[in-house]
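From a predicted model like this one, the values you see are computed outputs, not experimental measurements. Letters go in sequence order (proteins before strands), and every chain restarts at 1.
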Amino acid sequence: MSAQPVTGPGEEPDLSNLSPSRKEDFLLFAETPPRVQPEQLTLRQVKALSEGARADRARRLRVWHANLGPFETPQLADLHEDMWDIIDSNAQDGDKVKGAIALDAFPGLGKTTAVMAFARKYHLREIAEKSRFTPDGHERLPVCRLGLTGNTSMKDLNRALLEFYGHPGRHRGTTAQMGHRALDCVQSCHCRLLIIDDLHFLRWGRTNGIEVSNHFKYIANEFPVTLLMVGVGLAAKGLFSESDSYDNAPLAQTARRTTQLDMQPFRIDTDQHRRAWRQLLLATERKLALADKFPGMLADELSDYLFARSTGHIASLMTLINRGCQRAVRTGVERLDRELMDKVKNDVAAEKARKELELALESRKITTKIGKQRKAPTTS
Amino acid sequence: MTLARTFPIRPAPLPGEALDSWFEALARRLNVRLGDLGLAAPFKNGTREVAVPTDWTIALREEEVARIAYATGADPQQLHDITLMRRVRDRPAGQQMLPHPGRPPPPKALINGGCQSAVRTGAERLDEELLDRIKNDAASEKARKELEAALAAKRITTKPLRRAG
């Protein structure tokens, strides 16, 4: 078992058709080395390219600009530190209850990106420290990731677990049999981090929801696994509600064992926050492979503009920059400016919040510019 | 050929264990039916060359070995070695046990049981004395007496009188 992408010589593996809900794809995601940044050409060099070479460059840039991240933003770095603290403190013996993590934040802040980046680091560390196979000769899969669907039942959940592991019993069996097989996989493959993405899909009020949440708790209690739940509005949904009534007692127990982490959007209310925003733009800028880019293209020229259009949400920012770069390469402009970016559509939420921010920025009520203590940019 | 996905849990064959025994053990460990392993399925379908007997516990084709080795992480050579073919191959020349084309395969349970016993006891060969101790299915045991009498009286024989073709 190893990540073996099917590629020709010198080609980068095609990661566009992956689903991290299968171990093979997760391994490919985790173990493929980072892409190599395409060569920086000048406009003149681009013009001198032959037809074929230009098409080839365009193809490379398409993939490159669509996969710029993840960036080590302060939010991501803090989150990872917290996660390392919790997961490493869970190295206690198997009979002790393990603390769980709930990453509860609004959409568009890079939750899944941050969690997958962490999963990657954790997987690589565990495989490097131990080995690819457990002492019993089974596949070592320290991370298991599940995405929930709209109406996940116990059976669906267990089937999803079996599907991740590629267990031959994933197609047939009763709920109990599937549960047994799934837990066997979790234990035999030495799973240490169980990621449940989109937990907000679970309907807590329904029998299914309670059953599934109890099942998570059971897994966390019975196996040496750190549960990492990712979702939107988990607290509001009652994941951690404390109550004296017996109705909510099981949920209260979850609250006692779960550490809630969150991610914040970028803000521009203090110089420190503005500096973080600038660092992100500088880091992004360095990664762009446009022929006519120049230092400060994003961080100086477009700082306010990009903040207004993304409202400080990294997902919206990345969508915008990705689409802008695609357009810049396609049209041969090879740089990002206001004129081009104005033509690029962003997600609904960002477009909606944009007007208000733009007005405030124009009237100089707020700014992304750093004050007197502005320093030369350092690499992040 | 599309390869099946790899098994997460993969107990290796024990020393001397036969292929079908190991399959049963795999299915049991994975808590599935033998058919659900998805390993046995390809053996039952498709046309096979006459030279390779129909029972996969006797011999495996290369693509079957590749498929099983991929799914289970087992060593391909080891897979060849745990079929009955190895026992046959290791026998002295002239004592071929493989059926001739067109004839039914040897009694599987008997040969399999015999091989297990031969490995376990260290005899490492099949002879009448050892096979005598192996219990076969009831139907065979019932018909056995009559056949034995007929064979003893040389009324019938398993030896071909002359080579075909």
(request) Would you give the length of the straight line joining atom SG of C189(A) to atom CD1 of I9(B), rounded to the nearest 0.5 angstrom? (result) 5.5 Å
(request) Determine whether L30(B) and H167(A) make a side-chain contact, defined as any pair of heavy atoms from C-beta on separated by less than 4.5 Å. (result) yes
(request) Scan for salt bridge (charged side-chain N to carboxylate O under 4.0 Å, His left out) pairs involving residues 143-164 of chain A, sequence neighbours excluded, and state none if there are none. (result) R22(A)-E163(A), R145(A)-D197(A), D156(A)-R159(A), E163(A)-R170(A), E163(A)-R5(B)
(message) Which residues pass the side chain to side chain contact (heavy atoms under 4.5 Å, CB included) test with A12(B), not counting sequence neighbours?
(response) none
(request) Determine whether more than 12 heavy atoms belonging to other residues, nucleotides or ligands lie under 6.0 Å from atom CD of E126(A). (result) yes
(message) Does any part of the side chain of R29(B), heavy atoms only, come nearer than 4.5 Å to the side chain of D184(A), both counted from C-beta?
(response) yes
(request) Show the numbers, then the answer: is there a side-chain contact (heavy atoms from CB on, under 4.5 Å) between R181(A) and V32(B)? (result) CA-CA 9 Å; R181(A) 290 169 193 157; V32(B) 294; 3.8 Å; yes
(message) Less than 4.5 Å to any heavy atom of chain A: does that hold for the side chain of R33(B), its backbone, both, or neither?
(response) side chain
(message) Would you say that H138(A) contacts P8(B) through its side chain, given a criterion of any heavy-atom pair below 4.5 Å between the two side chains?
(response) no
(message) In the structure I gave you, are the side-chain heavy atoms of R10(B) and F133(A) within less than 4.5 Å of one another anywhere?
(response) yes
(request) Please check if atom CZ in R125(A) has more than 12 non-hydrogen atoms from other residues, nucleotides or ligands closer than 6.0 Å. (result) yes
(message) Assess, by modelled atom type and distance only, whether the side chains of N31(B) and H180(A) contain a donor and an acceptor separated by less than 3.5 Å.
(response) yes
(request) Might you confirm whether atom CD of E129(A) has over 12 heavy atoms from other residues, nucleotides or ligands at distances under 6.0 Å? (result) yes
(request) Look up atom CD in E24(A) and atom OG1 in T6(B), then write down how far apart they are to the nearest 0.5 Å. (result) 5.0 Å
